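This is a predicted model, so every value here is computed, not measured.
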Amino acid sequence: MFWNDLRKALVTAVLSFVMLASLDAAPLGAAESMDIRSSCWASGSLSDDLITVVHLPGRWTCGDRIYSLEGERTLLRFEIGPHDVLPQYLFSRRSALAAVHLLTIDQDGAMRQTSLSAGELRSALHGGYFKASLPGVTQDTVQVVVAFDLPSHKMTLERAYLSPSDIALGPDLLRSLLLLAVLAGMLSMPLIFNAAFYRILREPFVLWHSLLTISLLLTILVSSGLAVVLFDPTAMTLSWMTTVIFGLTVASASMFTHSFIEPDRLHPLLRRALLFSAAWAMFLSTSHAAFPFVGRSIQSTVYTAAFAPVLVIFILSVADALRRRSRAAKFQAVGYIPIILVGLVRLVTGLVPWLQSNDAMPLFYVGCVCEVLFTTLGVADRFMTIKRQRDHARFEADVLERLSERDALTGLLNRRAIEQNFKKFRAEGYRTLAVLDLDHFKAINDVHGHVVGDAVLKAVAEALQADPQVHAFRLGGEEFVLLVRGEDAQAQAERRRQAIPTIVANAVPALGRLVTASMGITDASSNADAEFAELYEQADRLLYNAKLAGRNRTKIASVQGSKNDADPVYDTVTSTLRRQ
């Protein structure tokens, strides 16, 4: 039932994501034809006069979209054609920067300018983008120039475009956001499963998988329009949050793999390398988010390249675990394929100068789904495997424990069992203790041999008849102990002692004599705090008295005085069976 429900939920989540992708593409693709891309770019320093740079043709590079971050300021020029729909907004990918300056230029040379600091930039409904309103675009406007102060990533320049409107919060977008929210809800299911798993099996990989799931959910939230709809943070807030959450995702994935792969199915060096990957990812993401301008011109490239070792360690770890026949790695291999592809795309496009940077976000969303869902199946499978192993180990331990508390010859409980469980037995009402010893048993061994002696001991164990009211123990040799509860506890013990001669005679007919027993009984009812050793000593003393009184009889003590009384009051019960 559990597996069927889990599989249905996972299939539903994947189908929902496919529906989301198909619905979400339509409105954005329809608006693509109205977007205006930059035609030229220029760079300079923050001290350069912006108007002067705009009017210097030699400063502009046209037709070459391989942007550089060497300058402190990068300018993009957008040409407004006579048939273009007038743009009203600038959109670009979020990344750390200092400020954005927007200029509109009319045919007659008139200019209008506005400037926005990084903290004033608002997030767009188009996930991962910020927006800024253009100053006074009219029918006479022929150019728009956008200047980015201290841009930290080429994607901010490569993905910049002008659009006539913000993405409308209409039916199509609402439907897409709703499906995205549903998908996020479905991705929350592993958290519910993990909570149930962890209550039963407190394995660290369950916690790391929960953290991985949370970080992926946060990634979907901050990189899509959901964050704007829900709490509308500034663009730069979402920018550094995206960076930190990405590091958290990589770190939790590393720690999950480290603890999830079976102990004997991954090379120790690779397992330690996964710990390095987790620490390295968190260091990279937090330092890059906190200090985005330290090496601005190359920082994004170095940051991207620095994750290459992590990606290699992931691939080698999964490959090595598969080679060692890891069952857990099979689930991770399937779940990690889209994420690994995302990493490869980001590395190649981020490091090769003539390629435009691509963060492969659609593939990343697919990777989020696959990673969480397939690893959830893996966690469930690993959970069941570990549970079976632990149940088997506990069963074996219980068997060994029971064997260690049993006398091998008679099958009765032994001294270890009574000493370790005496308080438990007494709490269950077994307050009458009887010590029983066979009369002249040494003579049986001397005359008939130990094989016959063993047969006699087995017959005595049968006569003692352990049942819900009586626990029978063999302490060693021919000595036995009974723990009895009930109002007729003493009579129950005496009936068993009297049954010994008959049962032994039937079991060992070649013996040629009756085997009798002497017994001492004490009751702990009036001395609830007495330990086993104390009660045993008292019953053993009564047994000795029964031996001195002629054997084949029982001495019963009712402790009426101090437990240290040397001579308690005795009741004597003499069996009707006499030795012959």
Side-chain angles (χ1 to χ4, degrees), residues 95 128 153 187 190 204-223 238-261 266 270-292 299-321 328-329 331-351 357-361 363-376 378-379:
S95 68
H153 203 292
L187 293 182
F205 68 80
V206 179
L207 297 179
W208 289 117
H209 186 253
S210 297
L211 182 60
L212 174 60
T213 303
I214 292 171
S215 64
L216 289 174
L217 285 171
L218 289 175
T219 300
I220 292 175
L221 177 65
V222 301
S223 61
L238 286 182
S239 178
W240 70 258
M241 286 179 64
T242 302
T243 302
V244 173
I245 291 171
F246 176 73
L248 179 63
T249 301
V250 176
S252 56
S254 299
M255 293 305 300
F256 171 65
T257 305
H258 171 271
S259 58
F260 184 54
I261 301 295
L266 183 63
L270 287 172
R271 198 178 293 274
R272 286 196 292 271
L274 287 168
L275 295 175
F276 158 79
S277 297
W280 182 239
M282 287 306 301
F283 168 76
L284 287 176
S285 61
T286 53
S287 59
H288 186 57
F291 309 103
Q299 185 167 332
S300 61
T301 302
V302 172
Y303 172 71
T304 302
F307 277 95
V310 177
L311 185 61
V312 172
I313 290 171
F314 265 107
I315 295 173
L316 291 179
S317 297
V318 175
D320 182 67
F331 292 95
Q332 284 200 286
V334 178
Y336 280 166
I337 285 175
I339 295 293
I340 290 174
L341 291 176
V342 170
L344 291 173
V345 170
R346 290 183 177 183
L347 277 173
V348 172
T349 60
L351 299 179
S357 299
N358 190 337
D359 56 8
M361 285 309 295
L363 183 58
F364 181 75
Y365 288 142
V366 174
C368 289
V369 176
C370 291
E371 203 287 332
V372 169
L373 299 185
F374 282 103
T375 53
T376 297
V379 167

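Expressed to the nearest 0.5 Å, how far OG of Ser252 lies from CD1 of Ile245 amounts to 11.0 Å. Arg346 contributes atom CZ, which lies 5.0 Å from atom CZ of Phe246 (distance to the nearest 0.5 angstrom). Between atom OG1 of residue Thr213 and atom CG of residue Leu218 there is a gap of 11.0 Å, rounded to the nearest 0.5 Å. Put simply, CG on Leu344 and CD1 on Ile315 are 5.5 Å apart, with the number rounded to the nearest 0.5 Å. Going from atom OG1 of Thr286 over to atom CZ of Phe291 covers 9.0 Å, rounded to the nearest 0.5 Å. Taken to the nearest 0.5 Å, the CD1 atom of Ile313 stands 6.5 Å off from the CG atom of Leu274.
Between Phe307 and Tyr303, the ring planes are perpendicular. Angles over 60° get that label, and only those under 30° would be called parallel.
Counting non-hydrogen atoms of other residues, nucleotides and ligands closer than 6.0 Å to CZ of Phe276 gives a total above 12.
At least one side-chain heavy atom of Thr249 sits under 4.5 Å from a side-chain heavy atom of Leu212. Side-chain contact between Val250 and Ser277: absent, with no pair of heavy atoms (C-beta onward) separated by less than 4.5 Å.
When all heavy atoms of Pro204 and Ser259 are compared, the pair lying nearest together is C-OG, 4.2 Å. The two atoms that bring Arg271 and His258 nearest to each other are NH1-O, 2.6 Å, heavy atoms only. Of all heavy-atom pairs between Ser317 and Leu266, the closest is O-CD1, 3.5 Å. When every heavy atom of Ala281 is checked against every heavy atom of Ala251, the shortest pair comes out as CB-N, 4.1 Å. Closest approach of Ile337 to Ala333, counting heavy atoms only: CG1-O, 3.0 Å. The shortest non-hydrogen separation linking Thr242 to Leu238 is OG1-O, 2.6 Å.
Remark: side-chain polar atoms of Gln332 are not paired, donor with acceptor, to backbone N or O of Ile261 under 3.5 angstrom. A distance-only check finds no donor-acceptor pair linking the side chain of Trp240 to the backbone of Pro292 [under 3.5 Å].
For an aromatic pair to be called close, the ring centres must be under 6.0 Å apart, and Trp208 with Phe205 fails this.
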